[in-house]
Amino acid sequence: MLNRRQMLQRTAAGLAAGALTGCHTDTAAMIPGRMVDSGMDLGHRLRGSALRGTALPTPDERRRARVVVAGGGIAGLAACHALHCAGVRDVLLIDALAQAGGNSSFGENAVSAYPWGAHYVPLVRADCLPVLELFEELKIIVDRDSNGRPVYDELFLSADPQERLWIYGRWEAGLLPELGSSLEDRAQFARFSAETERLKTVRGDDGKPLFAIPIDDSSADPQWRALDRLRFTDYLHSQGYTSARLHWYVNYCCRDDYGSLASEVSAWAGLHYFCARTGIAANADPGTVVTWPEGNGYLARALLQRASPTLQLRSLVTRIARAGAGVEVDYFDAATARSVRVTADRAVVCLPRFVAAHVVEAGPGLLTPTAVDFSYAPWMVANLTLSQMPGGPGQALAWDNVIYDSELLGYVVATHQSLAQRQRDTVITYYWPLTEHDPATSRTLAAKRPLSEWQNTVAADLLRVHPELRGRIENMDVRVWGHAMIRPTPGFIWGDARRDALQQQPPVFFAHSDMSGISIFEEAYCRGRHAGQLAASALA
């Protein structure tokens with residue numbers, strides 16, 4: 001007898017097979033689309049050079065910059081912004097992609113802009129001053145009320161309804177699966193919610209909050225840090241949380257923020273997701289998020305415009321080494337197939353650890369970073385242009401739409417913030433953390449998977465709950481991020497590997513969200529801002 005999971009898998013497979021046999025117009029062969037570059041091919045040239053001796057060209061050109069920022073994700077853009085604010089000009093930003101922003105990059109078509117990764121920021125904590133200052137600078141926060149609470153621009157607060165869940169053939173409000181839940185399920189939902197709310201206010205023996213953003217502002221109380229060595233699922237069971245529905249919800253949250261199952265992340269990291277979000281607003285309910293059609297691409301673009309670095313895109317940093325009192329940075333320009341050596345006074349390395357370990361050369365006062373114990377989650381992101389808005393019985397279309405028990409996370413609606421009276425076309429962004437296998441295996445399988453298979457999987461999942469969209473998928477582009485985000489595996493956040501990664505090595509400074517152990521905008525921004533400020537101070 002088939003269980004529920006097997007039934008869902010067969011249903012999805014049947015829809016995909018129907019697509020392949022031409023039963024409707026949403027076949028992969030008939031949906032226009034493309035695989036969008038995420039830098040894997042260029043990045044693998046670096047790995048190939050290191051592992052197989054296939055050397056990239058020797059630099060045959062030289063250039064000069066005051067500061068080189070290697071890596072154009074949020075950390076790199078924040079470093080450029082901090083340098084600009086400190087009066088440092090002649091900053092060269094090098095990135096492997098055709099657009100700065102990393103997994104906060106975005107696309108745009110005639111219907112809407114849309115995200116290629118990160119797509120929201122929670123209301124900012126009162127003690128996360130760097131991000132509060134940025135949001136005030138960008139006029140995302142436009143005022144304060146008489147109690148000092150920030151007033152956000154209403155256009156940037158996620159419009160209602162914010163979330164809905166598909167379960168038992170209909171949509172219900174929120175993401176906790178209420179429909180069909182037992183009294184025990186509901187009791188455990190309530191107890192878990194009450195406990196995480198309580199932990200938001202608890203402080204450790206050093207007077208600091210247990211779970212803070214930035215993460216290193218959290219309490220060092222050993223009683224609580226010990227949770228980092230425990231798997232989140234083990235912690236839940238130890239507290240008597242046995243509800244399969246609660247575990248589904250917790251797994252969804254861990255997959256959403258960490259690209260990993262609850263059994264693969266630490267209990268400390270799992271609780272951080274629920275307990276560190278304490279931001280408030282004068283004009284929004286707790287739990288509201290800040291978002292834009294292009295997701296966090298809005299923030300990436302704003303930082304880039306303000307920092308105005310010299311951009312060197314589609315270029316692979318291949319070597320960073322100390323040279324006298326300054327640094328040398330080599331990069332391979334994919335457009336010209338030539339390598340260039342840059343002499344600079346300082347470098348800010350905003351590359352993930354597994355890349356930095358390949359390119360930073362050991363030398364006097366400079367140690368090669370190690371990537372041991374740094375684990376990264378692979379993701380697939382698809383953007384679908386639809387000629388009809390999604391519908392369905394129950395709760396109306398929300399910004400975030402989740403399907404219970406799906407391998408995929410569901411979709412967000414790029415046009416949800418639109419002020420248009422009537423909306424016919426839209427773009428939805430589908431997210432899929434590849435958690436079925438270990439990350440290395442998932443990356444290998446993903447690299448071999450053709451566009452048509454990705455499209456069939458996404459179309460099957462979508463049409464299972466939205467049969468009215470059959471024939472309405474106008475385009476589907478797909479992007480695979482091989483190392484989308486750091487995974488807070490048990491023991492990592494408060495372990496030796498991350499602690500060692502925090503050590504700065506002037507004239508080279510490091511910044512990336514993997515130095516925090518969680519991949520969220522606030523961590524990447526604060527890391528980059530701090531490293532940029534250090535580099536600016538070192539130039540004084």
Practice problem: May I ask you to check if R353 and F510 form a cation-pi contact, with NZ or CZ under 6.0 angstrom from the six-membered ring centre and within 45° of the axis? | Solution: yes
Self-check item: Residue pair A70 / I320: nearest heavy atoms and the distance that separates them
Solution: CB-CD1, 4.3 Å
Quiz item: Looking at C128 and I213, what are the two nearest heavy atoms and their distance?
Solution: CB-O, 3.6 Å
Exercise. On the 0 to 90° scale, with breaks at 30° and 60°, tag the F274-Y249 ring pair as parallel, tilted or perpendicular.
Key: tilted
Quiz item: Is the side chain of R487 donor-acceptor paired with the backbone N or O of V265 at a distance under 3.5 Å, no angle test?
Solution: no
Quiz item: So, are D514 and R527 salt-bridged, with charged N and O less than 4.0 Å apart?
Solution: no
Quiz item: Step by step, would you call D333 with R338 a salt bridge (Lys or Arg N to Asp or Glu O under 4.0 Å)?
Solution: CA-CA 6 Å; D333 184 344; R338 296 174 62 185; over 6 Å; no
Practice problem: Look at atom CZ of R225 and say whether more than 12 heavy atoms of other residues, nucleotides or ligands are closer to it than 6.0 Å. | Solution: yes
Self-check item: Electrostatic pair E522-R277, nearest N-O below 4.0 angstrom
Solution: no
Self-check item: salt bridge (Lys or Arg N to Asp or Glu O under 4.0 Å) assessment of E133 paired with R529
Solution: CA-CA 12 Å; E133 291 171 3; R529 177 179 182 267; 3.2 Å; yes
Quiz item: Using 4.0 Å as the upper bound for N to carboxylate O, is an ion pair formed by E264 and R231?
Solution: no
Quiz item: Less than 6.0 Å separating the ring centroids of W432 and W379?
Solution: no
Quiz item: What heavy-atom pair brings L434 and S442 nearest, and what distance separates the two atoms?
Solution: O-OG, 3.2 Å
Quiz item: Is the closest basic N to carboxylate O distance between R301 and E294 below 4.0 Å?
Solution: yes
Practice problem: May I ask you to check whether W481 and W116 place their ring centres under 6.0 Å from each other? | Solution: no
Quiz item: Is there a side-chain contact between D153 and K139 (heavy atoms, below 4.5 Å)?
Solution: no
Practice problem: Using a strict cut-off of less than 4.0 Å between a Lys/Arg side-chain nitrogen and an Asp/Glu carboxylate oxygen, indicate whether D90 and R66 qualify as a salt bridge. | Solution: no
Quiz item: Is the gap between the ring centers of F354 and Y376 under 6.0 Å?
Solution: yes
Quiz item: Which heavy atom of G482 sits nearest a heavy atom of R443, and at what distance?
Solution: O-CD, 2.9 Å
Self-check item: Distance-minimising heavy-atom pair for V88 and V67
Solution: CG1-CG2, 4.1 Å
Practice problem: Please confirm whether Y298 and F156 have ring centers closer than 6.0 angstrom. | Solution: yes
Quiz item: Going by an N to O cut-off under 4.0 Å, is there a salt bridge joining R125 and D127?
Solution: yes
Exercise. Flag the pair H119 / W399 as yes when their ring centroid distance falls below 6.0 Å, and as no otherwise.
Key: yes
Practice problem: Sort out for me which residue in D37, D95, T336 forms a side chain to side chain donor-acceptor pair (under 3.5 Å) with R314. | Solution: D37
Quiz prompt | CA sep, side-chain torsions, deciding dist, call: S266, D228, side chain to side chain donor-acceptor pair (under 3.5 Å) | solution = CA-CA 5 Å; S266 79; D228 189 46; 2.8 Å; yes
Practice problem: Assess whether ring-ring contact (aromatic ring centres under 6.0 Å, His included) is satisfied between F211 and Y273, documenting all intermediate values. | Solution: CA-CA 9 Å; F211 305 99; Y273 174 91; over 10 Å; no
Exercise. Before accepting this row, confirm whether a basic side-chain N of the pair E61/R341 lies closer than 4.0 Å to the acidic partner's carboxylate O.
Key: no
Quiz item: Looking only at heavy atoms, what is the nearest atom pair of Y152 and A281, with distance?
Solution: CD1-CB, 3.5 Å
Practice problem: Could you tell me whether F521 and Y120 have their ring centroids closer than 6.0 angstrom? | Solution: no
